[in-house]
Novice: 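Got a structure for you, written out below as structure tokens; questions coming shortly.
In what follows, chains are A, B, ... by sequence order, proteins preceding strands, each numbered from 1. Below, all heavy atoms of this structure are taken into account, side chains as well, without hydrogens, waters or symmetry copies.
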2 protein chains.
Amino acid sequence: MQASGRVTIGDVARTAGVSVATVSKVINDRYGVAPETSARVHEVIADLGYESSIVARSLRSRRTNVIGILVAEFEPFSTELLKGISEAVESTGYELLAYSGGLRRDDRVGWEQRYLSRLAGTLIDGAIIVTPTVVNPRNSIPVVAVDPHRGPSGPPTVDSDNLAGARAATEHLVSLGHTRVGFLGGRPDLESARLREQGYRDALADAGIRVDEDLVLVGGYRPDLADTPAHELLRLPERPTAIFAANDLSAIRTIEVARELGLRVPEDLSVVGFDNVPESALTVPPLTTVSQPIHQMGAEALRMVVDLIQGNPRDPHVRLPTELVVRGTTRAL
Amino acid sequence: MQASGRVTIGDVARTAGVSVATVSKVINDRYGVAPETSARVHEVIADLGYESSIVARSLRSRRTNVIGILVAEFEPFSTELLKGISEAVESTGYELLAYSGGLRRDDRVGWEQRYLSRLAGTLIDGAIIVTPTVVNPRNSIPVVAVDPHRGPSGPPTVDSDNLAGARAATEHLVSLGHTRVGFLGGRPDLESARLREQGYRDALADAGIRVDEDLVLVGGYRPDLADTPAHELLRLPERPTAIFAANDLSAIRTIEVARELGLRVPEDLSVVGFDNVPESALTVPPLTTVSQPIHQMGAEALRMVVDLIQGNPRDPHVRLPTELVVRGTTRAL
DNA sequence: ATCGTTGTCGATAACGTTTTCGACACAACC
DNA sequence: GGTTGTGTCGAAAACGTTATCGACAACGAT
């Protein structure tokens with residue numbers, strides 16, 4: 001009978017000869033419906049292939065069993081995170097909804113609040129926001145941020161030890177004899193980018209190497225935003241012999257730029273990345289990088305948001321260790 | 001004033017001193033509202049940080065500008081696809097919503113229809129379903145499937161040339177002198193798995209090698225489902241000297257199993273995968289595999305579903321080429 | 001017989017939005 | 001001064017669901 005495709009609860013009710021209220025009770029296992037009635041309704045539901053609309057359901061009752069993952073874009077980091085989250089969700093009974101608006105180049109700021117407003121209070125019970133700039137603590141639903149971590153008073157956060165990782169990467173280059181080490185930065189509004197730069201500076205300072213500010217450029221964690229600074233670094237009169245890029249995508253782009261300029265990696269230029277996304281192993285030679293346990297970070301974020309939803313008390317900050325992975329793009333000077 | 005977190009259109013209306021209808025018109029640029037009123041409402045919207053709820057909006061009007069990507073699980077293939085889709089969506093004005101229910105081990109069948117019923121007609125304008133078993137053509141919204149392709153009469157589909165790819169993989173092994181080549185199959189309900197097995201058989205037949213049915217086992221595209229058949233193959237009295245696994249995840253698991261059994265790859269066993277997901281480069285040595293242009297497949301799927309939504313006439317079947325990528329896990333006998 | 005209890009069911013009001021349509025004021029026309 | 005337009009607005013219905021609460025019947029206990 002269903003007029004236009006969709007089978008509604010009304011269709012089920014009509015077919016089964018009961019009211020929509022009763023059908024709703026059957027679906028949600030509410031008390032107060034006779035066994036035979038329930039059986040009949042179940043039968044009709046199976047017959048018609050009815051599935052309740054998430055949308056209508058969530059509009060009415062503030063509970064959907066869906067956790068939202070809000071990302072600006074599906075790039076390697078956020079999809080790795082997604083894999084970790086997906087593995088961890090299996091046993092929880094929650095469903096996953098990863099959302100990404102079609103962002104224009106210019107409104108890449110403030111998307112977090114916008115997405116949250118559009119989905120929260122209705123579609124999702126909790127959210128994991130990936131690399132948000134600002135996250136408003138006074139939200140209706142629990143929110144966990146991945147990346148920012150501005151001290152113990154900040155919002156619930158999962159991140160990794162960016163400072164130690166960047167330090168290790170830079171120390172690795174220094175130990176190979178590099179003294180002119182360039183830094184291609186990340187998104188300036190992110191704490192992780194700040195910490196990675198800090199680790200770079202700390203390591204150089206410890207080694208007694210003065211930081212040449214010409215060698216410290218700002219990128220944005222995206223290949224297209226790495227292009228200009230990479231060119232700039234590699235065209236310097238006194239070219240750096242090594243570059244530490246703030247994430248793998250930038251490092252990969254740096255290698256490409258180096259190739260375009262006729263430089264060999266690692267013979268003429270050593271490159272280190274950060275993240276250890278699977279793509280980092282695809283370059284030739286494979287990229288030396290700092291590994292973040294991204295899957296584990298995703299799993300932690302999921303556990304945290306579930307705990308917050310269910311009201312379980314817990315430490316709202318998790319920081320996981322990083323580790324240097326030496327592969328093929330670094331070499332002694 | 002907002003009582004419980006969420007700012008609704010009602011709050012905006014009250015604050016601006018107009019009706020909700022007027023606010024709605026302002027938001028949607030409908031005709032019939034005075035410029036000054038519009039300006040005032042816009043101001044209030046900015047002040048209150050109002051964002052219309054996707055849920056309520058989509059419940060009422062059958063148009064959301066959101067495209068759903070329905071997956072059983074966020075594993076490497078579907079997330080690669082997601083990246084391709086995400087790149088292609090930028091210019092279209094659509095938003096992306098990737099959905100994955102928390103599937104239990106046993107209800108991995110029929111999830112496509114279930115997800116579709118829950119989201120379609122309401123939340124999303126069109127859907128891309130990744131490796132569905134059945135896809136009902138009589139749906140309310142346009143649906144593009146990635147993977148199945150049962151002839152020109154099937155539903156709109158994007159896939160790759162599985163047959164040629166599997167053929168190339170097997171021929172590669174044969175050309176290296178392998179005659180006992182095992183096949184670790186994929187999800188039996190998928191056309192791609194069928195075709196990959198067919199390509200394997202064809203190549204062996206062409207080479208004049210009889211197919212030993214003991215060497216053809218069924219897996220399921222997942223590491224856990226590859227475990228048993230991998231063990232089985234490698235414990236055979238007459239062990240195969242090479243294994244062609246129907247996807248990279250299975251191939252990677254096969255390598256691990258081989259290691260556990262004390263076999264060296266590629267010295268004692270050559271392994272070829274299928275897909276060329278980034279993870280395939282992470283193994284040591286990196287995996288020889290058949291490359292599918294997954295990003296491009298995602299982009300094609302997106303273009304197709306957008307065309308279908310907008311009613312543009314187009315060929316509902318796209319098949320992209322595959323290519324053998326020889327890396328480190330294969331060696332001459 | 002009456003009363004409370006228990007079990008079953010359905011009307012109905014929300015949830016936040018869009019859309020339709022009628023109300024109203026005002027200007028312009030004959 | 002009536003009639004017709006034109007511009008602006010709001011009341012109300014609708015979307016598909018859940019939650020509340022009252023109606024009703026059957027039944028056992030007084």
Novice: Take atom CZ of R57(B) and atom P of dT17(C), then tell me their distance rounded to the nearest Å.
Specialist: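 After rounding, the gap between these two atoms is 9 Å.
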
Novice: Step through the shown structure and confirm whether more than 12 heavy atoms of other residues, nucleotides or ligands are within 6.0 Å of CD on E43(A).
Specialist: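 Result for CD/E43(A): open.
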
Novice: R30(A) CZ to dG7(C) P: how many Å, rounded?
Specialist: 18 Å

Novice: Could you please name the option among dT8(C), dC9(D), dT18(D) that lies closest to any side-chain atom of I9(A)?
Specialist: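 Given the options dT8(C), dC9(D), dT18(D), the side chain of I9(A) is closest to dT18(D).
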
Novice: Applying a 4.0 Å non-hydrogen cut-off, can you work out what S24(B) is touching in the nucleic acid: base, sugar-phosphate, or nothing?
Specialist: base

Novice: If each of Y50(A) and S19(B) is mapped to the nucleotide of DNA chain D with the nearest heavy atom, which maps nearer the 5' terminus, i.e. the 5' end?
Specialist: S19(B)

Novice: Please work out if V18(A) contacts a base, only the sugar-phosphate, or nothing of the nucleic acid, heavy-atom cut-off 4.0 Å.
Specialist: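 Sugar-phosphate only.
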
Novice: Taking CD from E36(A) and C1' from dC9(C), how many angstroms apart are they, rounded to a whole number?
Specialist: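 My rounded result for the distance is 13 Å.
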
Novice: With a 3.5 Å cut-off and no angle check, do the side chains of R187(A) and T133(A) form a donor-acceptor pair?
Specialist: yes

Novice: Does a donor on one side chain sit under 3.5 Å from an acceptor on the other, for Y221(A) and S192(A)?
Specialist: yes

Novice: OP1 or OP2 of dT17(D) sitting under 4.0 Å from any side-chain N/O of S61(A)?
Specialist: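 For dT17(D), OP1/OP2 do not have a side-chain N/O of S61(A) under 4.0 Å.
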
Novice: Looking only at side-chain atoms of L59(A), point me to the closest of dG16(D), dT18(C), dT17(D).
Specialist: dG16(D)

Novice: Expressed in angstrom and rounded to an integer, what is the separation of K25(A) atom NZ from dA19(D) atom C1'?
Specialist: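 Between C1' of dA19(D) and NZ of K25(A): 9 Å.
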
Novice: Return whichever of A34(B) or V55(A) has its heavy-atom-nearest nucleotide of DNA chain D closer to the 5' end.
Specialist: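 Of the two residues, A34(B) wins.
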
Novice: Check step by step if side-chain contact (heavy atoms from CB on, under 4.5 Å) holds for I27(B) and I45(B).
Specialist: CA-CA 9 Å; I27(B) 294 169; I45(B) 287 178; 4.0 Å; yes

Novice: Under 4.0 Å between a side-chain N/O of T8(A) and OP1 or OP2 of dG16(D), yes or no?
Specialist: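 For T8(A), the contact criterion (side-chain N or O under 4.0 Å from OP1 or OP2 of dG16(D)) is not met.
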
Novice: Expressed in angstrom and rounded to an integer, what is the separation of E51(A) atom CD from dT17(D) atom P?
Specialist: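 So the two atoms are 10 Å apart, to the nearest Å.
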
Novice: Between E73(B) and R222(B), does any side-chain N to carboxylate O distance fall below 4.0 Å?
Specialist: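 Salt bridge present between E73(B) and R222(B).
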
Novice: Tell me the interatomic distance from R118(B), atom CZ, to dG16(D), atom C1', rounded to whole angstroms.
Specialist: 13 Å

Novice: For the pair made of CD1 in I124(A) and P in dC15(C), what is the distance, rounded to whole Å?
Specialist: 20 Å

Novice: Taking the nucleotide of DNA chain C with the closest heavy atom to each, which residue, V20(A) or R60(B), is nearer the 5' end?
Specialist: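 Result of the comparison: V20(A).
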
Novice: Measure from the side-chain heavy atoms of V33(A) and tell me the nearest of dT12(C), dT8(C), dC9(C).
Specialist: dC9(C)

Novice: Give the rounded distance in Å between these two atoms: OH of Y31(A) and C1' of dT20(D).
Specialist: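 The answer, rounded to whole Å, is 16 Å.
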
Novice: From C-beta outward on S52(B), which listed nucleotide comes closest to its side chain: dT17(C), dC9(D), dT18(D)?
Specialist: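 Closest nucleotide among those given: dT17(C).
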
